[in-house]
Protein chains: 2
Amino acid sequence: MDNFELNYSNFSHAEENYVKTIYHLSEKGEDVSTTAIADELKTKPASVSDMIKKLAQKKVINYVKYKGVNLTEEGEKIALWIVRKHRLWEVFLVEKLKFNWDEVHEVAEQLEHIKSKRMIDQLEEFLGFPKFDPHGDPIPDKEGKIHFIPAKPLSEAPIAKTLKVVSVSDGNPELLRYLDKVGVAIGSQLEIVEKIAFDDSIELIIDDRDTRLVSKIVADNILVVD
Amino acid sequence: MDNFELNYSNFSHAEENYVKTIYHLSEKGEDVSTTAIADELKTKPASVSDMIKKLAQKKVINYVKYKGVNLTEEGEKIALWIVRKHRLWEVFLVEKLKFNWDEVHEVAEQLEHIKSKRMIDQLEEFLGFPKFDPHGDPIPDKEGKIHFIPAKPLSEAPIAKTLKVVSVSDGNPELLRYLDKVGVAIGSQLEIVEKIAFDDSIELIIDDRDTRLVSKIVADNILVVD
DNA sequence: TTATCTATTTTATTAAAACAAAAAAAATCA
DNA sequence: TGATTTTTTTTGTTTTAATAAAATAGATAA
Ligand SMILES: [Mn+2]
Ligand SMILES: [Mn+2]
Ligand SMILES: [Mn+2]
Ligand SMILES: [Mn+2]
């Protein structure tokens, strides 16, 4: 508990990125593979193998050779601390500096490594204790607690029900600009009219106004609740 | 001119710190020595010799072996770009996140390396285009222009004249907390009552209220105009 | 003008983070 | 099961930034 108070200054920029990546890849539950990490960090499996050993020694991940890794409690705390910073900075950029939601992720990737607990807690207060970032992702509180909304991808949602957009993946600016164009935002109401079996594309009504066809890959990246 | 528009992403964290340090050490006019840089960056002369060669190759400094270095035009642009970021972030921390002026420098040392011209220009606007940072230092504008106030150290100021505090050095938090305690701030009125020749300490009146004795080293770090 | 001292540079090592190529283990296929 | 393919790890290099120790240039002092 008190560990989260620290700034974790004994972790390098690179180590933090690995921990954060393992956290995100773990969200599906299973152990994370070397190649998955390499793909995500745009590096090579050989580099990942090296770093994994170091992180295991530092006790932030559990590692069994050839079996993949998962975060220890300590590792998860570090990951949540980085995620908290990332998302609060994204809110700041959108709410205060007039950034569009497709422009914040890259800068937040840098800002998330700035070490100052004090600054982040003050920033959170300054922003009015936001619960979600501009892409609908929940912001861990100062104790590292995070509250997930049970949502599913639009691609797996039922037909002919009123759905609400909870979050969208923030990594790809092109997707976000596309959503701007078609008028999908956090909180938008969607209703699936038809699922085209041939290519899994989806025809839907947006906010009771426009009818649109979106591809499977777009639908995979929009999380909704009904 | 257009170079300042760039984010200079081809410079590492370490290189940026060297360029900024050389900029600050150059303010006295002369070439900067290897040891001076090493002292400032808390590293060793051997490391500085290495880095100096690299920076000379990158054409951001002029370097003659055994003679010291100075910034090229390009180097000065980079330095001013970093200084601009540092000082705007310091204003943000004090004005928006309720930091005291002794708490901002360390965090700004990290924030100054974040690469996003867009963010800094927006931040400047958000802060209302401040001209000075919390320690009274001028903030370079988006073209990299900086306006110096011709001030001198309190230790070299004349006796029995009304002086105004223009800036104080921001590197040492202890000094800043001491100034808080004795009631010296940017804009304070000072009047030197007596200079004690024995140890160069100075007796002064602060804002027409308190009489105080401050040491030479404190007086060296307060810049005033009359 | 030497001799001595100090500042600077060079050389050789180290640590972090990455990569390619080779080796080994695990998974898949026949 | 045995052969083949894929994934992961190991080994050997590279680059960046730092250090200590040795060599050298410059400054100072006798
Ligand atoms: Mn993001
Ligand atoms: Mn986000
Ligand atoms: Mn500062
Ligand atoms: Mn300052």
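Per chain, numbering begins at 1; letters A, B, ... match sequence-line order. In this text, all values refer to a predicted model and were calculated from it rather than measured experimentally. Values below: all heavy atoms of this structure, side chains included; hydrogens, waters and symmetry mates excluded.
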Between the main-chain N or O of B:V60 and the side-chain N or O of B:T72, is there a donor-acceptor pair closer than 3.5 Å?
-> yes

[X] [atom1] - [N] [atom2] separation (whole Å):
X     : N      : atom1 : atom2 : answer
B:D50 : C:dT13 : CG    : C1'   : 12 Å
A:E15 : C:dA16 : CD    : P     : 9 Å
A:D39 : D:dT6  : CG    : P     : 15 Å
A:K58 : C:dA15 : NZ    : C1'   : 12 Å
A:D31 : C:dA26 : CG    : P     : 15 Å
B:F11 : D:dT16 : CZ    : C1'   : 15 Å
A:I52 : D:dT7  : CD1   : P     : 15 Å
B:Q57 : D:dT16 : CD    : P     : 10 Å

Hey, which sits more toward the 5' end of DNA chain C by its nearest nucleotide, B:V48 or A:H13?
-> B:V48

Nearest listed nucleotide, side chain of A:M51, among C:dA18, D:dT8, C:dA20 = C:dA18

Nearest to the side chain of A:K44 - C:dC19, C:dT10, C:dA18?
-> C:dC19

Using only side-chain N and O atoms of A:Y18, determine if any of them is under 4.0 Å from OP1 or OP2 of C:dA18.
-> yes

Does B:S33 put a side-chain nitrogen or oxygen below 4.0 Å from OP1 or OP2 of C:dA7?
-> no

Which part of the nucleic acid, if any, lies within contact of [X], taking any heavy atom under 4.0 Å across all strands shown: a base, the sugar-phosphate backbone alone, or nothing?
X     : answer
B:T35 : sugar-phosphate
A:A14 : sugar-phosphate
A:S47 : base
A:S49 : base

Salt bridge flag under 4.0 Å for residues A:K115 and A:E16 | yes

Run the numbers on B:Y18 and B:V48 for side-chain contact (heavy atoms from CB on, under 4.5 Å), then give the verdict.
-> CA-CA 9 Å; B:Y18 272 86; B:V48 176; 4.0 Å; yes

Kindly state which residues belonging to residues 60-69 of chain A come within less than 4.0 angstrom of DNA chain C, counting heavy atoms of the residue only, listed by number.
-> A:Y66

Between B:H13 and A:H13, does the ring centre distance come in under 6.0 Å?
-> no

Ignoring hydrogens and angles, state whether a donor on the side chain of A:S26 or A:N70 is under 3.5 Å from an acceptor on the partner side chain.
-> no

Scan the side chains in residues 132-140 of chain B for donor-acceptor partners under 3.5 Å anywhere in the protein, sequence neighbours excluded, and list what turns up.
unit_1	atom_1	unit_2	atom_2	d
B:D133	OD1	B:H135	N	2.7
B:D133	OD1	B:G136	N	3.1
B:D133	OD1	B:D137	N	3.0
B:H135	ND1	B:E90	OE1	3.1
B:H135	NE2	B:W101	O	2.9

When the ring planes of B:F126 and B:F92 are compared, do they come out parallel, tilted or perpendicular, using 30° and 60° as the limits?
-> tilted

